[in-house]
Number of protein chains: 2
Amino acid sequence: MSEHVLHDNGVGIRGFDRSLPMALMRAREAVMRHFRPSLAEHDLTEQQWRVLRALEDADTALSVGELAERTYLLGPSLSRMLALLDDRGLIARSSVPGDARRADIRITATGIELVAAIAPRSEAAYEHIEGRLGPGDLEQLYVLLDKVGRL
Amino acid sequence: MSEHVLHDNGVGIRGFDRSLPMALMRAREAVMRHFRPSLAEHDLTEQQWRVLRALEDADTALSVGELAERTYLLGPSLSRMLALLDDRGLIARSSVPGDARRADIRITATGIELVAAIAPRSEAAYEHIEGRLGPGDLEQLYVLLDKVGRL
DNA sequence: TATTGTTATACTCTATAACTATA
DNA sequence: TATAGTTATAGAGTATAACAATA
């Protein structure tokens with residue numbers, strides 16, 4: 001029998017400690033706690049960071065809609081954010097030939113530099129996590145999270 | 001060799017798909033997507049839900065500070081939220097004998113009823129997840145998340 | 001003096017609806 | 001008519017500082 005047993009506390013709902021959303025949030029908090037100061041230092045919110053990372057990872061221009069999906073941001077939030085990131089020269093927009101409604105968003109060289117400047121702290125956090133979990137466990141965690149993410 | 005290989009994309013940072021915070025967020029999104037309508041139906045934000053669940057799980061009164069730690073909310077956010085939940089009769093405050101600075105927060109019968117009313121939808125979401133992962137994987141996921149959460 | 005909690009303030013994000021331009 | 005993106009608006013959370021009351 002496992003130490004992690006689902007228990008009934010009388011109102012037909014799992015204990016707080018057995019709530020998957022809370023466990024996910026706790027884990028995310030633990031990771032971000034080490035990383036957030038680095039973002040603040042460079043005047044980036046977590047959401048802005050997600051946008052830059054998504055663009056940098058895409059390696060190609062993305063439409064606003066595609067970007068919204070990948071970053072879990074709503075259109076209006078993203079729209080305003082892109083204006084700010086554009087002002088800071090971190091992203092650039094261009095029109096799409098053949099569909100004047102669409103906008104192509106890409107990360108600029110300045111944006112890539114900023115991401116690269118923050119990256120070392122991110123790597124340090126990962127090494128810390130790997131040190132605690134071991135590479136096998138981390139791998140297994142990714143597999144399980146991917147499964148849950150595909151609900 | 002695993003299919004999940006950390007790769008270098010030229011700026012010294014992991015790919016977006018190999019970002020642990022993003023994987024955690026995706027998983028949480030997938031779970032909450034099924035659950036959020038139920039909260040909205042009862043006029044609760046995710047944060048308010050966390051507060052009610054934490055109180056209900058504690059099975060005893062908590063100080064504002066303890067509650068803030070358990071729900072990952074800041075004092076000022078929590079302070080305002082407690083006033084709203086108090087107005088709705090979902091929580092109650094009482095003074096602590098021996099320390100007039102502290103406030104004891106507890107969930108009311110009405111609050112417990114509300115949690116119980118929402119619980120079935122939560123359970124359905126869990127059954128869906130268990131159906132996809134299998135109980136063993138879900139258990140393993142909890143173990144790994146707990147490890148990460150203890151950073 | 002330090003701690004507990006609230007209030008003040010500015011900013012950001014969430015969420016929905018309305019709007020513009022284009023397809 | 002539908003789609004892509006922006007603008008408008010209201011509400012809520014984040015974050016820091018300042019504050020009151022108490023220890």
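Just so we're clear, the structure is a prediction, and the values are computed from it rather than from any experiment. Heavy atoms only: backbone and side chains are in, while hydrogens, waters and symmetry mates are out.
The B/R36 side chain lies nearest to C/dA15 when the options are D/dT14, D/dT22, C/dA15.
A/E41 meets the salt bridge (Lys or Arg N to Asp or Glu O under 4.0 Å) test with A/R121; sequence neighbours excluded. A search for side chain to side chain contact (heavy atoms under 4.5 Å, CB included) contacts involving B/L74 returns B/P76, B/S77, not counting sequence neighbours.
Between the CG atom of A/D87 and the C1' atom of C/dC11 there is a distance of 16 Å, given to the nearest Å. Rounded to an integer number of Å, the gap from CE of B/M32 to P of C/dT14 is 13 Å. Taking atom CG of B/L73 as the reference point, atom C1' of D/dA15 lies 13 Å away to the nearest angstrom. Rounding to whole angstrom units, CZ of residue A/R50 and P of C/dT12 are separated by 16 Å. One atom, CG of B/L44, and another, C1' of C/dA15, lie 16 Å apart when rounded to the nearest Å. Between B/M81 atom CE and C/dT14 atom P there is a gap of 15 Å when expressed in whole angstrom units. The separation between A/E46 atom CD and D/dG13 atom P is 16 Å, rounded to whole Å. If you measure from atom CD of B/Q47 to atom P of C/dT14, you get 10 Å, rounded to the nearest angstrom.
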In the 5'-to-3' direction, what one-character label does each nucleotide of nucleotides 3-10 of chain D receive under the scheme B = base within less than 4.0 Å of a protein heavy atom, S = sugar-phosphate only, - = no such atom?
BSSBBBB-
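Here A/T45 does not reach the OP1 or OP2 of C/dC11: none of its side-chain N or O atoms lies under 4.0 Å away.
Of the possible polar contacts, one joining the B/T108 side chain to the B/G89 backbone as a donor-acceptor pair under 3.5 Å is found. Distance alone, capped at 3.5 Å, places no donor-acceptor pair between the A/R106 side chain and the A/A92 backbone.
No chain of hydrophobic side-chain contacts below 4.5 Å, direct or via other Ile, Leu, Val, Met, Phe, Trp or Tyr residues, connects B/L73 to B/L84.
Taking CG from B/D43 and CD from B/Q48, the interatomic distance works out to 8.5 Å, rounded to the nearest 0.5 Å.
With a 4.5 Å cut-off on side-chain heavy atoms, B/D57 and B/R70 do not count as touching.
Between A/L74 and A/G98, the residue whose closest nucleotide on DNA chain C is further toward the 5' end is A/L74.
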